[in-house]
Amino acid sequence: MSQRFIEQVVFDYDREPSRDILCMDCRSFYASVECADRGWDALTTELVVMSYPSDVPTKRGSGLILASSPAAKKAYNLNNVSRARDLPFPYPDSLQIVPPRMQLYMDMNRVINNIYKQFADDENHHVYSVDESFLDVTNTMHLFGADTAFDLARKIQIKVHQETGIYVAVGIGDNPLLAKLALDNEAKTQSHMKAEWRYQDVPNTIWQIDELTDFWGIGRRMARRLEARGIRSPYDLAHTNYYVLQECFGVIGTQLFAHSWGIDRTFLGETYQPKSKSIGNSQALPRDYTQEEEVRNIIKEMADQVGTRLRREGYQAQSLSLGLGYSIGYQDKDGRTSVRQQMKIPATHQSKALIEYFLQLFDWIYDGQIIRSVSVNTTNLIGDWWEQLDLFADQMEEDRRDALDTIVDKVRQKYGFSSLVYGNSLQAGSRAIERSQLIGGHAGGMSGIEGTPITKNL
DNA sequence: TCTGGGGTCCTAGGACCC
DNA sequence: TCTGGGGTCCTAGGACCC
């Protein structure tokens, strides 16, 4: 027993994957797109993209800051996704507050990824998020007259900036983790926005990171737990016994240990492959909902919307989860401020069936609580081609529902989501029509600024 | 942590089966 | 029933990231 605590796990870098991985990150993406589209300097303009409840953010209130320009980040100490309350109020005149235009960002994302694709084929190009992508250029960089990955990174940066006005920061490493860490912890603060971290640099790079929370994969909570055991930095992490970490933190502990040595055995296309495993929506309601019927309507609308997304993306759901968040200060009889329930279902993507199941969950957990937020989620997704034989299902009814969904989807695709909604959605408390303009839960931007076509600069 | 978001991964613990 | 052990499936909940 005690034997294994004496030993320490040691990595042999010669046996670890050594590639030329680039982690590309569009600096302050949404904010930069806004600046580029308006002809403002992305580096000096103080700008935040804020999703807020009313038309004009004149009074201090709720609101989600989706992105901020470097200057705004610095001036107001903002991080990735912040809240409106993190800003000084009244809002300073020097600060530009603009509503999100999600469609514009998605269009720009496509343009930029098409540029990346010129430097790496599909196999070696992976989209990690709306503003981050990984490229494996090990075998292709010489094709572009680049002697080193660093050199190629510069070429890509220039090309993207020339064609879109967006600055890209690049982390370079032997594996995706090192590239990502180089990006997060060094590239973003370099004037040329590049950084290269290799295995042999680990002592001078990863181990020099001061804060645990600056290390990818460690948030506030985990940092506190680690600190409780005297681990205060990535260096400490790397010099703690592997088995002790495993004992205390399970798989996460072993993973963090490996990461602190720069070890990542995934190749692009494995863990970094974005595969849809769940599809859901959540929304904070514009006011407290006390009427059961109103909440039921919201759930119907959201289930319908999620059904549309499932069908569009070619999935069927095998599990559902419904969450209700209560009004501020409200507690149920168990003292909770929210409740969530999930269940298995026979695979489906039919709106009607999804609505029935979600309402079943609702009946299960609803007991007159005052509701302020609702989330519906579908998980355990499988491909559309799969058809489960259900001896008890009425095949004619099934076909009829499928046909109805297909028609509804077609009409909505052509005329917009709100062209066809449930009668309930015209009643008080309904959100479907307003929300139909949203993309990813935020304003799509079709209304644009002064009617500007959203693809102006593309 | 606090209310116009959307995701992923991991774990504990119970039910059930052999 | 209470001193069996092991495996699998399922749900609830925590943590983190963009």
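Model, not experiment: these values are computed from the prediction. Lettering of chains follows the sequences in order, A, B, ..., and the numbering in each one begins at 1.
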With a non-hydrogen cut-off below 4.0 angstrom, is [X] in contact with a base, only sugar-phosphate, or nothing?
X	result
A:R435	sugar-phosphate
A:S321	nothing
A:G325	nothing
A:L285	nothing
A:Q283	sugar-phosphate
A:N377	nothing
A:S373	nothing
A:R221	sugar-phosphate
A:Q341	sugar-phosphate
A:I218	sugar-phosphate

Task: 5′-ward residue of the pair A:G250/A:Y326 relative to DNA chain B - done: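 Checking each residue's closest nucleotide, the 5'-ward one belongs to A:Y326.
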
TODO: Specify the residue among A:T337 and A:G441 whose closest nucleotide of DNA chain B lies further upstream toward the 5′ end.
DONE: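 Taking each residue's closest nucleotide, the earlier one in sequence belongs to A:T337.
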
Task: B:dC17 versus C:dT3 - spacing of their P atoms, nearest Å - done: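 Between the two P atoms, the distance is 22 Å.
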
Open item on the list: Using atom P in both nucleotides, what's the gap between C:dC2 and B:dG13 to the nearest angstrom?
Closed with: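 24 Å, rounded to whole Å.
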
TODO: Classify the side-chain pair A:Q103/A:D107 by whether it contains a donor and acceptor separated by less than 3.5 Å.
DONE: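 Looking only at side-chain atoms, A:D107 and A:Q103 do form a donor-acceptor pair, the distance falling under 3.5 Å.
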
Task: A:Q305 side chain to A:E301 side chain, donor-acceptor N/O pair below 3.5 angstrom - done: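 Result is no, nothing qualifies.
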
Would you be so kind as to tabulate the donor-acceptor pairs closer than 3.5 Å made by side chains of residues 248-262 of chain A, with sequence neighbours excluded?
{"unit_1": "A:T254", "atom_1": "OG1", "unit_2": "A:V251", "atom_2": "O", "d": "2.7"}
{"unit_1": "A:S260", "atom_1": "OG", "unit_2": "A:A238", "atom_2": "N", "d": "3.4"}
{"unit_1": "A:S260", "atom_1": "OG", "unit_2": "A:F257", "atom_2": "O", "d": "2.6"}
{"unit_1": "A:W261", "atom_1": "NE1", "unit_2": "A:A238", "atom_2": "O", "d": "3.0"}

Is any side-chain N of the basic residue among [X] and [Y] closer than 4.0 Å to the acidic one's carboxylate O?
X	Y	answer
A:R19	A:D174	no
A:R312	A:D409	no
A:E34	A:R101	yes
A:K180	A:E132	yes

Task: Where chain A begins and ends its contact with DNA chain C, read 5' to 3' at 4.0 Å from heavy atoms - done: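 Here the contact window of chain A covers C:dC10 to C:dC18.
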
Open item on the list: Pairs counted only when both distances fall under 3.5 Å, Watson-Crick or G-U: show me the 5' to 3' dot-bracket for DNA chain B, [ ] for pseudoknotted crossings and | for other-strand partners.
Closed with: ....||||||||||||||

Open item on the list: Please evaluate residues A:D332 and A:R336 with respect to the criterion salt bridge (Lys or Arg N to Asp or Glu O under 4.0 Å), reporting the C-alpha separation (whole Å), side-chain torsions for both, the decisive distance (0.1 Å), and the verdict.
Closed with: CA-CA 6 Å; A:D332 63 19; A:R336 289 180 299 194; 3.4 Å; yes

- [ ] Using the ring of A:Y167 (Phe, Tyr or Trp, six-membered ring only), decide whether A:R27 places NZ or CZ under 6.0 Å from its centre and within 45 degrees of its axis.
- [x]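 No cation-pi geometry.
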
